[in-house]
Amino acid sequence: MVDLSIKIHELELKNPVATASGTFGYGEEFTDFFDPGALGAIFIKGLTLKNRDGNPYPRMAETASGMLNAVGLQNKGIEHFIENIYPAIKNYNTHIIANVNGSTVEEYISLTEKINELDHIPAIELNISCPNVKEGGMAFGVSCPSAIAVTNAVRKVYDKTLIVKLSPNVTDIAEMALAVEGAGADTISLVNTFLGMAIDAETRKPLLSTITGGLSGPCIKPIALRMVWQVYQAVKIPVFGMGGIMNAADAIEFILSGSSAIQVGTANFIDPQISLKIIKGIEEYMERHGVENVKELVGALED
Amino acid sequence: MVDLSIKIHELELKNPVATASGTFGYGEEFTDFFDPGALGAIFIKGLTLKNRDGNPYPRMAETASGMLNAVGLQNKGIEHFIENIYPAIKNYNTHIIANVNGSTVEEYISLTEKINELDHIPAIELNISCPNVKEGGMAFGVSCPSAIAVTNAVRKVYDKTLIVKLSPNVTDIAEMALAVEGAGADTISLVNTFLGMAIDAETRKPLLSTITGGLSGPCIKPIALRMVWQVYQAVKIPVFGMGGIMNAADAIEFILSGSSAIQVGTANFIDPQISLKIIKGIEEYMERHGVENVKELVGALED
Amino acid sequence: MKRIEDLSVKNISWLNSNSYVLELSGTKAIPDILPGNFAEIRVDHHPGVFLRRPFSYLDVDEKNNSISFFVKVVGKGSRKLGTLEKGELVNVIHPLGNAFSIPDNKKVLITGGGSGIAPFIMLGRELKSRGNEITIITGGRSSEDILFSEEFKAYGEVLCTTEDGSLGEKGILTEHPIFTKDNFDFDLIYTCGPEGMMKAVAKIARDKGIACEASLEHLMACGFGVCLCCIQETTEGNKCVCTEGPVFNTNDLKW
Amino acid sequence: MKRIEDLSVKNISWLNSNSYVLELSGTKAIPDILPGNFAEIRVDHHPGVFLRRPFSYLDVDEKNNSISFFVKVVGKGSRKLGTLEKGELVNVIHPLGNAFSIPDNKKVLITGGGSGIAPFIMLGRELKSRGNEITIITGGRSSEDILFSEEFKAYGEVLCTTEDGSLGEKGILTEHPIFTKDNFDFDLIYTCGPEGMMKAVAKIARDKGIACEASLEHLMACGFGVCLCCIQETTEGNKCVCTEGPVFNTNDLKW
Ligand SMILES: Cc1cc2nc3c(=O)[nH]c(=O)nc-3n(C[C@H](O)[C@H](O)[C@H](O)COP(=O)(O)OP(=O)(O)OC[C@H]3O[C@@H](n4cnc5c(N)ncnc54)[C@H](O)[C@@H]3O)c2cc1C
Ligand SMILES: Cc1cc2nc3c(=O)[nH]c(=O)nc-3n(C[C@H](O)[C@H](O)[C@H](O)COP(=O)(O)OP(=O)(O)OC[C@H]3O[C@@H](n4cnc5c(N)ncnc54)[C@H](O)[C@@H]3O)c2cc1C
Ligand SMILES: Cc1cc2nc3c(=O)[nH]c(=O)nc-3n(C[C@H](O)[C@H](O)[C@H](O)COP(=O)(O)O)c2cc1C
Ligand SMILES: Cc1cc2nc3c(=O)[nH]c(=O)nc-3n(C[C@H](O)[C@H](O)[C@H](O)COP(=O)(O)O)c2cc1C
Ligand code: FES
Ligand code: FES
């Protein structure tokens, strides 16, 4: 039997396959398809302090090998989560990781403090990379000083595993990674979506109510993979890679380029059982290649 | 009859469809397929001062709805071009635009000076965005000061139409555009390729000899379109948009988001007659929508 | 409970130049399906199609473990599905969404335009079995678009409008004289079709104080409530069309 | 002169579990094609295939305006082409590349492994018509991989090797005893197949001072000389495999 388990900072994952925030709900919608307890971790949908309606419809456009979304962090706020959702999901047999969003540093802090109270949430993913909100979001993730400021501030109030999620919409991803590592991140996750746009030539109108939105799916994989590889070489903390992973081979490519674990995003929409298949596929790959421990594959790209 | 002609700075294009540098050779390879004189302009393959062998094989990897290349500006140098290629192509019934590359500002200047002598080349495209060379290339295009320095320097020795080609691998494309506009660019072209990477999970090896390469094709269209739209809003000079254009609808989307003219790149490999089809398709679109002059479509995106 | 499964193409029958019925069958018993439910169908082997496509059930044949869809060709995915061969496998997530409400012994009006008639075969049968008095009105561009009239006749009175006047009343659906009749006294109106048409029907319903249910066809990425792309503004905030819809009481919509 | 055209699938015949002959025909006269030339075939309707795929001509039938390719299934594109139906259109850019040199009345050796045997049917015929004495040796994993032996027999002596020893000599191609025979006195050797095999053949040729031509199968994005992705290092710098090759004198390669 091959060993798929991997430790990311203080998190012991039973396997390196997690589901990405905003693409797996709170996991409940998937229980008809498989037991979410089989996953390495679940990154639940983005939380904010207060209820957010998100952006107006339409919020989605299909693109070549991908999609744009402009959801804009729709959620009912942290209180609603704690009262109505947390009790139902806290006993999943896997790690529940909260995706934390604010428009100001203060909001990030308050939200983190509330999540810190929740015993069954062993880690947060600090989202400083959402391209679909007017305030905060990606603005924090595209400049080093603001990324440092928010990471620092959250670090002070949080002592469980702090994952910072980077935006790919930057000139130098390694520099951003170093900045948040220096500011106290335990782990880095990347990439969030790329800022993109789609138009209907016939109507001359944008396809999204917000004109621009976040691009995800296999189309972004080559860029995401490059960024993961650059970040892996730059920092010492572990990396949670993602961006267009559709099958086990994609997942292994991310692991080889330096991801200790990976997240499956958009692929969940097309095949809700895909993360289960990816876990099996990694296992088969390891057996076929005589790899006993998945750790051996992390960053094992050969020149 | 609809009017497809468009003026870009001092260049009168018979239609807004040009072919992108590095994807159309010197046009000669296409004469079996159609008369390049039908095009608005031809951006010939990247020139350097001296002969360049480019990067080792393999230089290409297919990706989801796109490809990575790591050609690395292979060409026989400007002298060889002037003696052996220019005489054969200078009388095409369209504009020949030279794509200018240097590893230092001095090289950009010398190369531009030589091209300035060539009567049948009415414009240059300053490539400060090639991701596949170790020195120069993209390094100039990802920071404002260096982009300004090289644009300024070339502007001093060149008084025909100066097009500066931007790299999409930046945090703020509008800022870059403003910088080169301020430094004397007459026109901006974008996007060059995105820095990406591909791996073969089975062999654990990168698919490109250079590990990373430039991503092009429909996969990048949503990001390219967004950047063109941002640049169009930021600057006063005209924009030459490109990135994943595969058909007339794509071309019209770029025009609506602010491209005065467009360039067709990777699509030339799959259908060498595609630019001709795009010209026809734009014409049909204009007839169908009662648009008399293609200028009316430039930036005509409706909110 | 929703499930994901491969079904095989049993038959494709074209009804006119741009629409067909796609019949899929499986080996297992089909799940319980209610009128208004839909399925997310994966379109394989088409370079331009990335996401699944949602389609309402046209009908369910429990004896043969088969389900059918009425598909109007509007783009790449709907065109591709129509080229499948018998026996090819199609991956389906279903059943999804909520259902129309079914009253007992009432007078109901069903209004359908374009592909919006799809859910009404199942709805009509259910309504009839519960003793309702049914009027069905369908609208289209020309007689070619007026489909399933025979099936609908088994449920009640069938009316239609065509824009070119080639069948039924000339005009758009809401221009049919029935809407201005004095005895327009329905208890419930159902509508599905182009948004403009549904809004016009909803307005008539509201003006006359009649309850109205509309089945919305929003763009969807997942179809089962996780992407939050398919939202509709309602009086109670944004709702997911795929899980809290596709059927809405039009009074709850900000139309 | 190269051209781009739609040809229709005339026939697909599978030779073993993983290779087939694809025959395409057109209505116009086919262009002049030389042994060694290739075509860039577009693979439509497969989401994972973006670029064209290059294939050497297996044969040309001028009477019927048809051409054929020997395709080994190695991935998405080669698999997809094998599922086309008779009559389906396939877009082809051709003919591309240079050709093997054809001497007169010499003694030549042809060495082919895997899909590398494809260009040798045309080459053999041409060589034979010019009075050459031909020996053909093909290598494969097992007897299943040893193809076209009947056709080759019409040209000269046919030898083979299989790794499992199920046909001919056991071992890899260059382990065949012919290479160590004293009377190994060929004037020209041709080779096409996996790079390792071609390099081994080229080494033998160089050691014995025999000219050797290899047909390279480099990754290509365009196939007609514009992308510069397919280069091969040679003694005269980088050369394009698609326009200056695919056939090279192995002495010019930095092997
Ligand atoms: C709950 C629901 C039930 C539906 N029931 C039916 C039905 O029974 N019969 C039927 O013919 N159609 C039905 N539709 C509409 C059907 O989903 C779209 O026509 C189909 O997805 C278009 O796919 P395409 O690839 O052919 O079009 P595309 O090439 O993708 O686009 C063509 C047009 O279709 C629209 N469209 C594209 N994707 C979707 C999508 N995921 N959802 C809605 N619209 C989209 C686009 O905005 C565009 O205007 C239903 C939609 C929903 C949401
Ligand atoms: C001049 C030339 C002539 C050829 N003649 C023949 C022939 O007669 N018969 C035959 O079976 N094969 C031939 N090949 C190889 C053939 O082109 C590849 O096997 C085919 O492109 C693989 O496509 P795929 O989609 O099936 O594989 P993919 O799924 O794309 O990849 C599978 C493998 O094939 C390789 N490959 C992918 N694309 C190409 C490409 N464009 N060029 C070369 N290799 C590629 C990849 O490196 C990978 O290892 C020739 C190649 C060249 C360059
Ligand atoms: C519809 C949708 C909603 C998303 N919502 C969030 C979110 O709330 N928080 C977050 O950090 N990322 C969010 N993302 C980004 C994903 O978590 C992931 O980073 C991105 O989609 C790239 O991975 P993929 O290509 O596998 O989808 C969202 C993505 C999509 C498509
Ligand atoms: C094989 C290849 C070679 C290229 N060479 C050059 C070059 O020499 N100079 C340049 O400015 N851009 C070069 N480019 C970039 C293209 O001109 C274009 O900016 C890019 O491919 C995006 O457009 P597309 O998606 O339509 O291909 C090259 C692109 C490809 C694919
Ligand atoms: S379509 Fe994804 S939530 Fe409704
Ligand atoms: S494949 Fe493009 S130059 Fe050879």
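Worth knowing before you read on, the calculation uses all heavy atoms, side chains too, and leaves out hydrogens, waters and symmetry mates. Naming convention: chains lettered A, B, ... in sequence-line order (proteins, then strands); numbering from 1 in each chain.
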Pair B/I223-A/L195, side chain to side chain contact (heavy atoms under 4.5 Å, CB included): steps then yes or no: CA-CA 6 Å; B/I223 319 181; A/L195 196 63; 6.0 Å; no
Pick from B/T212, B/N169, B/T203, B/D200 with the largest number of heavy-atom pairs that fall under 4.5 Å of chain A: B/N169
Among A/A224, A/G217, A/S143, A/S65, residue most engaged with chain B (heavy-atom pairs, under 4.5 Å): A/S65
Leading residue by heavy atom contact count with chain A [cutoff under 4.5 Å; candidates B/P206, B/P218, B/P168, B/A198]: B/P206
Residue selection (most heavy-atom pairs with chain B, distance under 4.5 Å) from A/K205, A/M197, A/K221: A/M197
Positions in residues 287-303 of chain B that reach chain A, provided some heavy atom is under 4.5 Å away: B/R288, B/H289, B/V291, B/L297, B/A300, B/L301, B/E302, B/D303
Residue B/S209 versus chain A: region with a heavy atom under 4.5 Å: neither
Heavy-atom pair of closest approach, residues B/L215 and A/P222: CD1-CG, 3.9 Å
Largest heavy-atom contact set with chain B, pairs under 4.5 Å, which of A/L256, A/T63, A/L68, A/I252: A/L256
Partner set under ring-ring contact (aromatic ring centres under 6.0 Å, His included) for A/F269, not counting sequence neighbours: none
Contacting moiety of B/I211, where chain A heavy atoms sit under 4.5 Å: side chain
When A/D172, A/I199, A/D250 are compared by non-hydrogen pairs under 4.5 Å with chain B, the top option: A/I199
ring-ring contact (aromatic ring centres under 6.0 Å, His included) involving A/F194 - partner list, sequence neighbours excluded: none
Distance-minimising heavy-atom pair for A/A201 and B/A249: CB-O, 4.0 Å
Residue-level interface, residues 226-234 of chain A with chain B, non-hydrogen cut-off under 4.5 Å: A/R226, A/W229, A/Q230
